[in-house]
S.K.: 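Got a structure here, written out as structure tokens. Questions coming.
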Protein chains: 2
Amino acid sequence: MKCNCYAGECPHNLCMHKVPIFSSLSQEEMSHISSIINHNNYQKGEILFSEEDSLRSLIIINEGSVKGFKITPEGREQILHVFSVGDFFGERNLFGGQKSAYTAEALEPTKTCSFTKDDFHKILFAYPGIAIKIIETLEERIARMESTMQSMGVRSLDGRIGGLLLDFADKYGEVVPEGILIRLPLSREGIANFLGVARETVSRKLGQLEIDGVIRPVGNKNILLLDGEALKTMTGKDT
Amino acid sequence: MKCNCYAGECPHNLCMHKVPIFSSLSQEEMSHISSIINHNNYQKGEILFSEEDSLRSLIIINEGSVKGFKITPEGREQILHVFSVGDFFGERNLFGGQKSAYTAEALEPTKTCSFTKDDFHKILFAYPGIAIKIIETLEERIARMESTMQSMGVRSLDGRIGGLLLDFADKYGEVVPEGILIRLPLSREGIANFLGVARETVSRKLGQLEIDGVIRPVGNKNILLLDGEALKTMTGKDT
DNA sequence: CGAATCCTTGAGAAGTTTCAACATCCGTGG
DNA sequence: CCACGGATGTTGAAACTTCTCAAGGATTCG
């Protein structure tokens with residue numbers, strides 16, 4: 001049995017099909033679950049929840065992207081996560097954790113689906129296969145964070161920026177004839193806040209990478225990665 | 001029904017009681033599972049598995065501690081995780097992931113329990129409650145990594161080192177009259193490799209913190225944290 | 001098209017790394 | 001139990017990188 005729902009036409013089922021954690025369910029099971037989904041829209045810059053909020057729901061991104069960050073004592077944003085379509089978050093509130101560890105802000109117009117804690121627990125017990133999917137997804141997230149930590153730990157800034165570009169290429173890249181086109185989820189300033197360096201420094205390093213023929217910026221929001229191998233060598237991600 | 005097994009006397013049940021993920025099981029269920037556990041001992045410096053290994057088991061630390069690291073292109077170790085008693089790892093190999101993302105090396109004499117992939121999947125389906133425990137544990141790990149990333153992202157090196165000390169205090173600290181005694185899992189060099197800075201810089205910063213009366217080194221393997229509040233203010237972890 | 005935002009570039013100040021020498025710690029074997 | 005040797009940690013000074021502040025340029029969105 002095929003589903004006839006497409007984006008925008010059938011909002012209640014939308015996220016179910018985009019999200020790996022429900023992929024093991026039958027259409028019937030999905031229908032059952034979809035009845036208890038809550039939907040929300042956020043504009044760019046809008047806050048989904050703040051640090052310390054006792055949010056009690058799991059949020060799945062249906063469209064758009066969201067950054068999770070904390071404010072450092074220097075008053076700077078430290079970005080911890082960039083979530084995009086299909087990612088979920090807020091789950092810490094459902095499993096033992098009490099308060100949110102970070103603030104979540106929409107990076108662009110974003111649509112979400114969410115479950116309350118109670119509903120979600122019911123789902124989990126009714127469909128144990130979902131738990132395994134969640135574990136797999138969390139594993140992916142951990143792997144991504146490991147990769148980010150590896151990038152952040154590289155001594156040279158060139159290496160750190162290169163590592164982040166590779167991470168982004170992996171997640172947001174699209175293969176084109178000349179290389180990989182990366183739709184940057186973050187501005188230069190965002191990248192700087194992710195890596196914990198000055199915005200100007202990111203500019204300079206990116207400029208140098210362009211001179212070296214490794215990348216070619218396409219506007220401010222895209223980067224064409226011409227020589228991924230150079231980056232991999234530089235960052236140690238070539239194994 | 002109480003268990004009569006104590007450390008060293010009943011190796012097959014040992015890890016079961018130390019590991020949160022099995023805490024929901026009855027004694028009987030534990031007995032069943034314990035029959036399929038494999039045991040291993042490692043000396044300090046011994047490798048449990050290497051990057052790229054297609055390891056197929058879940059490893060639980062029963063005694064000792066283990067670091068997970070990669071080698072950077074500069075030839076330096078980038079430490080990604082420090083696992084200690086009760087932590088498990090290698091799970092990436094069980095859920096979709098194929099290869100290990102890092103090398104695991106014992107930091108001290110270490111005893112482990114492990115399951116094969118197949119056995120573990122059987123357990124998971126037989127006792128669904130374990131899946132939820134695993135999710136909770138992974139959440140904790142993610143929270144810890146978020147904290148580490150936050151530490152790494154702080155601009156000032158003082159803040160980065162302070163953040164790491166707080167993380168360690170949280171996990172390895174023991175409250176004593178004068179403050180918190182931290183049993184460092186890593187050497188100065190290890191700390192440097194965790195944060196991606198020079199060993200000498202760690203020495204200098206730690207020296208400065210001592211002069212400021214924030215910490216007092218106790219030998220090379222312990223640090224007495226006298227003024228945790230100072231660190232929290234410095235790192236933004238005071239919320 | 002224009003305003004607001006975001007990005008780039010320059011030059012001096014500040015911080016970190018490097019290299020080198022010395023001190024300390026720890027385990028080994030006598 | 002002590003002495004030795006390798007490993008680990010500390011300190012100093014010069015070189016390098018990054019940061020900060022400031023100004024000008026580019027991009028995006030309404």
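Every value quoted in this text rests on a predicted model; they were computed, and no experiment measured them. Protein chains get the first letters and strands the later ones, always in sequence-line order, with residue 1 at the start of each.
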S.K.: DNA chain D: A:Lys221 or A:Ser156, which has the more 5' nearest nucleotide?
M.R.: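 Nearest nucleotide further toward 5': that of A:Ser156.
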S.K.: Side chains of A:Leu184 and A:Leu186, heavy atoms from C-beta outward: is any pair under 4.5 Å?
M.R.: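 Result no, sub-4.5 Å side-chain heavy-atom pair not found.
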S.K.: Would you indicate what A:Lys44 reaches in the nucleic acid, counting non-hydrogen atoms under 4.0 angstrom: base, sugar-phosphate, or nothing?
M.R.: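 Since no nucleic acid heavy atom lies under 4.0 Å of A:Lys44, the category is nothing.
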S.K.: For B:Phe69 and B:Glu77, work out which heavy atoms get closest and say how close.
M.R.: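 So the two residues come closest at CD1-CG, 3.4 Å.
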S.K.: Rounding to an integer number of Å, can you tell me how far B:Glu189 CD sits from C:dC25 C1'?
M.R.: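 Distance check: B:Glu189 CD to C:dC25 C1' gives 15 Å.
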S.K.: To the nearest 10°, let me know how far the axis at one end of the helix from C:dC1-D:dG30 to C:dG30-D:dC1 is tilted from the axis at the other, five pairs an end.
M.R.: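 Overall, the helix from C:dC1-D:dG30 to C:dG30-D:dC1 bends by 60° from one end axis to the other.
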S.K.: Please report, rounded to the nearest Å, how far the C1' atom of C:dA23 is from the CZ atom of B:Arg188.
M.R.: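 One finds 14 Å between C1' of C:dA23 and CZ of B:Arg188, rounded.
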S.K.: Given atom CZ of B:Arg155 and atom P of D:dT18, what is their separation to the nearest angstrom?
M.R.: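 Rounding to the nearest Å, CZ of B:Arg155 and P of D:dT18 are 13 Å apart.
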S.K.: Would you mind reading off the distance between A:Asn222 atom CG and C:dC6 atom C1', rounded to a whole angstrom?
M.R.: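 Going from A:Asn222 (CG) to C:dC6 (C1'), I get 15 Å.
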S.K.: Verify the contact: side-chain N or O of B:Thr201 to OP1 or OP2 of C:dT17, cut-off strictly under 4.0 Å; return yes or no.
M.R.: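 Looking at the OP1 and OP2 atoms of C:dT17, one of them is under 4.0 Å from a side-chain N or O of B:Thr201.
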S.K.: Considering every strand and a 4.0 Å limit on heavy-atom distances, what is the contact class for A:Ser203: base, sugar-phosphate, or nothing?
M.R.: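 Base, at least one base atom sits under 4.0 Å.
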S.K.: Can a side chain N or O of B:Arg199 be found less than 4.0 Å away from OP1 or OP2 on D:dT8?
M.R.: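 Checking B:Arg199 against D:dT8: no side-chain N or O falls below 4.0 Å of OP1 or OP2.
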S.K.: Given D:dT18, D:dT28, C:dC19, which nucleotide is nearest the side-chain atoms of A:Asn220?
M.R.: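 Closest nucleotide among those given: D:dT28.
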S.K.: Does B:Glu174 come within less than 4.0 Å of B:Arg183, counting only side-chain N to carboxylate O?
M.R.: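 No salt bridge links B:Glu174 with B:Arg183.
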S.K.: Check this for me: does the side-chain of B:Arg204 come within 3.5 Å of the base of C:dT18 through a donor and an acceptor?
M.R.: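 It does, because a donor-acceptor pair links the side chain of B:Arg204 to the base of C:dT18 below 3.5 Å.
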S.K.: Just to be sure I understand the rule, does A:Val202 reach a base, reach only the sugar-phosphate, or reach nothing, if contact means heavy atoms closer than 4.0 Å?
M.R.: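 Contact class for A:Val202: none.
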S.K.: Measure from CD on A:Glu210 to P on C:dT9 and round the result to the nearest Å.
M.R.: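 Distance check: A:Glu210 CD to C:dT9 P gives 9 Å.
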S.K.: What's the CG-C1' distance between A:Asp158 and D:dT17, to the nearest Å?
M.R.: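 Between C1' of D:dT17 and CG of A:Asp158: 10 Å.
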S.K.: Set out, in order, the CA-CA distance, both residues' side-chain angles and the distance that settles ring-ring contact (aromatic ring centres under 6.0 Å, His included) for B:Phe89 and B:His81, then state yes or no.
M.R.: CA-CA 10 Å; B:Phe89 55 94; B:His81 299 283; 8.9 Å; no
S.K.: Nearest-Å distance, CD (A:Glu108) to P (C:dC6)?
M.R.: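 Rounded to whole Å, this separation is 15 Å.
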S.K.: Whole angstroms only, please: what is the CZ-C1' distance between B:Arg76 and C:dT16?
M.R.: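 Value for this atom pair: 14 Å.
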S.K.: So with a 6.0 Å cut-off around CZ of B:Arg144, is the heavy-atom count from everything else above 12?
M.R.: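 Above 12, so yes.
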S.K.: Is a side-chain donor-acceptor pair under 3.5 Å present for A:Glu189 with A:Asn193?
M.R.: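 There is no such pair (donor and acceptor under 3.5 Å, judged by atom type) between the side chains of A:Asn193 and A:Glu189.
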S.K.: Please list, chain by chain and in numerical order, all residues satisfying side-chain contact (heavy atoms from CB on, under 4.5 Å) with A:Ile142, sequence neighbours excluded.
M.R.: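 A:Ile142 satisfies side-chain contact (heavy atoms from CB on, under 4.5 Å) with A:Glu146, B:Leu138, B:Arg141, B:Ile142, B:Met145 only.
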